[in-house]
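For reference, the structure is listed below as structure tokens.
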Amino acid sequence: MAKKILIIPGDGIGPEVTEWGKQTLETVGQLFGHQFVYDQALLGHAAIEATGQPLPPDTLAKAQQADAILFGAIGHPMYDNDPTRKVRPEQGLLALRKGLGLYCNLRPIKLFDELVHASSLKPEVLRGADILFFRELTGDVYFGEPRGRRDEGDTAFDTMIYSRYEVRRIAERAFQAARHRRRRVHSIDKANVLESSRLWRETVKQVAAQYPDVELIDMFVDNAAMQLIRDPRQFDVVLTGNLFGDILTDEASQIAGSMGMLASASLGDKTGFYEPIHGSAPDIAGRGIANPLASILSVALLLEHAFGLVAEAQAVVRAVETTLAQGWRTGDIADAQTPAAQRLNTAQMGQKVLAALAVPETA
Ligand code: IPM
Ligand code: MG
């Protein structure tokens with residue numbers, strides 16, 4: 001059966017890296033005999049430029065009809081230093097998450113052994129770290145109402161809000177995943193201060209009661225931020241809200257060596273959305289030097305979660321491992337010892353991974 005994949009390249013380095021995600025899909029399709037059909041759509045700054053809207057209705061319609069979505073990145077510097085702009089690229093991504101009901105954001109943080117020196121953290125602290133974040137994605141202060149200004153604009157407010165069903169559905173996914181891992185869930189909140197966190201904690205405990213074989217550890221977010229870099233190996237599954245998850249997963253990217261390596265899956269009850277964690281990186285956009293591995297690893301998540309193609313997903317991850325083991329590096333994961341001949345641009349890195357995929361290891 002042919003699977004429909006919507007490609008949304010987005011902004012900045014998005015198109016450059018997503019090209020290699022797509023080529024990875026193509027190669028997997030050829031090797032394993034699957035047919036993928038592609039469509040393309042606009043989101044973010046690229047969409048504002050073309051249509052005036054960050055999420056054009058055509059994009060939402062195509063997204064709803066797709067079997068999976070591969071996304072690049074969002075954002076443009078022209079909005080970042082101008083808080084008066086009413087239309088912003090990020091609104092497109094948030095509206096799409098809400099429109100598709102993508103409440104569950106999976107962010108696996110796994111250190112590739114080869115990259116232990118690319119991180120700013122000590123190798124002995126990092127080695128073996130393997131964390132799966134469950135970040136709630138359609139609630140919290142990101143979407144809470146009311147929000148706005150009062151006192152003639154001199155006071156601004158947002159609303160941090162969670163309902164029990166929102167906490168329960170993501171907590172259930174986290175506990176189920178923990179059963180296939182090391183059976184430990186850290187639930188991160190700020191229940192010593194926030195009422196929404198007290199509801200979070202209470203609900204997670206209720207869910208945990210159905211999983212007596214999985215250990216639940218409640219942790220305050222400030223402590224979690226510290227524990228993550230003090231001893232990342234204590235974490236297995238981490239369950240948290242939208243805002244705390246946004247912040248902690250950027251921090252945790254250092255555990256994997258580089259932001260350029262991390263993929264994510266945003267899941268709801270239907271079409272899932274797969275994207276690198278990194279942003280649009282305007283400083284290097286258009287130069288063809290971005291690391292395509294996060295997009296390629298997003299394809300691995302897509303194959304597994306959207307289509308249940310586990311062997312195919314593993315083949316992609318192995319191809320990335322092989323490429324790294326051969327010493328190939330883009331700028332963001334190179335270090336002082338990396339010889340000039342091993343330093344690659346985006347296309348060269350993409351090709352190395354495809355070559356590693358094309359020759360499956362027999363060993
Ligand atoms: C992320 C990003 C987004 C978020 C932005 C671009 C709206 O930082 O996916 O982590 O805050 O969720
Ligand atoms: Mg973020």
Side-chain angles (χ1 to χ4, degrees), residues 8-15 17-18 21 42-48 53-55 59 63 69-83 85-109 131-144 147 158-162 166 170 188 221 224-225 228 238-256 258-268 272-283 285 290 294-295 297-298 301-302:
I8 308 183
D11 302 327
I13 59 170
V17 298
T18 309
L42 295 169
L43 189 69
H45 171 69
I48 297 173
Q53 290 171 284
L55 173 60
T59 299
I69 303 165
L70 180 66
F71 175 63
I74 207 154
H76 191 282
M78 72 190 254
Y79 308 85
D80 294 347
N81 298 320
D82 183 359
R85 277 185 184 268
K86 290 268 178 289
V87 179
R88 312 178 66 82
E90 291 80 4
Q91 292 162 344
L93 181 60
L94 297 176
L96 191 60
R97 285 175 181 169
K98 197 74 175 175
L100 293 175
L102 305 173
Y103 64 85
C104 177
N105 185 212
L106 283 187
R107 297 190 163 187
I109 309 283
I131 310 174
L132 181 57
F133 272 87
F134 280 76
R135 170 191 174 196
E136 199 288 332
L137 204 61
T138 51
D140 203 347
V141 68
Y142 270 62
F143 294 93
R147 58 171 62 212
D158 298 279
T159 302
M160 186 175 257
I161 180 167
Y162 265 119
E166 296 177 292
I170 186 156
I188 312 297
V221 63
L228 261 179
V238 176
L239 166 64
T240 190
N242 205 342
L243 181 63
F244 299 154
D246 179 46
I247 299 165
L248 292 177
T249 53
D250 262 32
E251 182 191 354
S253 72
Q254 273 310 297
I255 297 165
S258 162
M259 197 86 167
M261 296 299 301
L262 292 182
S264 78
S266 301
L267 309 173
F273 188 89
Y274 302 84
E275 63 172 315
I277 288 188
H278 63 67
S280 57
D283 50 327
S295 181
L297 291 167
S298 298
L301 287 178
L302 184 157

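Atoms within a ligand are numbered from 1 in the order they appear, just like the ligands themselves.
For residues 273-282, the set of pairs meeting the side-chain hydrogen bond (donor to acceptor under 3.5 Å, both in side chains) definition, not counting sequence neighbours, is empty.
Closest of all the heavy-atom pairs between Ile109 and Phe133 is CG1-CD1, 3.7 Å. Counting all heavy atoms, side chain and backbone alike, Leu137 lies closest to Leu102 at CB-O, 3.2 Å. Between Leu96 and Leu55, the shortest heavy-atom distance links the atoms N-CD2, 3.7 Å. Phe71 and Gly10 get closest at one heavy-atom pair: CE1-CA, 4.1 Å.
For the pair Arg85 and Tyr79, the cation-pi test (distance below 6.0 Å, angle within 45°) is passed.
Every residue was checked against the salt bridge (charged side-chain N to carboxylate O under 4.0 Å, His left out) condition with Asp283, not counting sequence neighbours, and none meets it.
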Derivation and outcome, side chain to side chain donor-acceptor pair (under 3.5 Å), residues Asp246 and Tyr142: CA-CA 10 Å; Asp246 179 46; Tyr142 270 62; 3.1 Å; yes
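Within the 3.5 Å criterion, the main-chain N or O of Gly92 finds no donor-acceptor partner in the side chain of Arg97.
Around ligand 1 you find Ile74, Glu90, Arg97, Arg107, Arg135, Tyr142, Asp246, each with a heavy-atom distance below 4.0 Å.
Protein N/O/S atoms closer than 2.8 Å to the Mg ion (ligand 2): Asp246 OD1.
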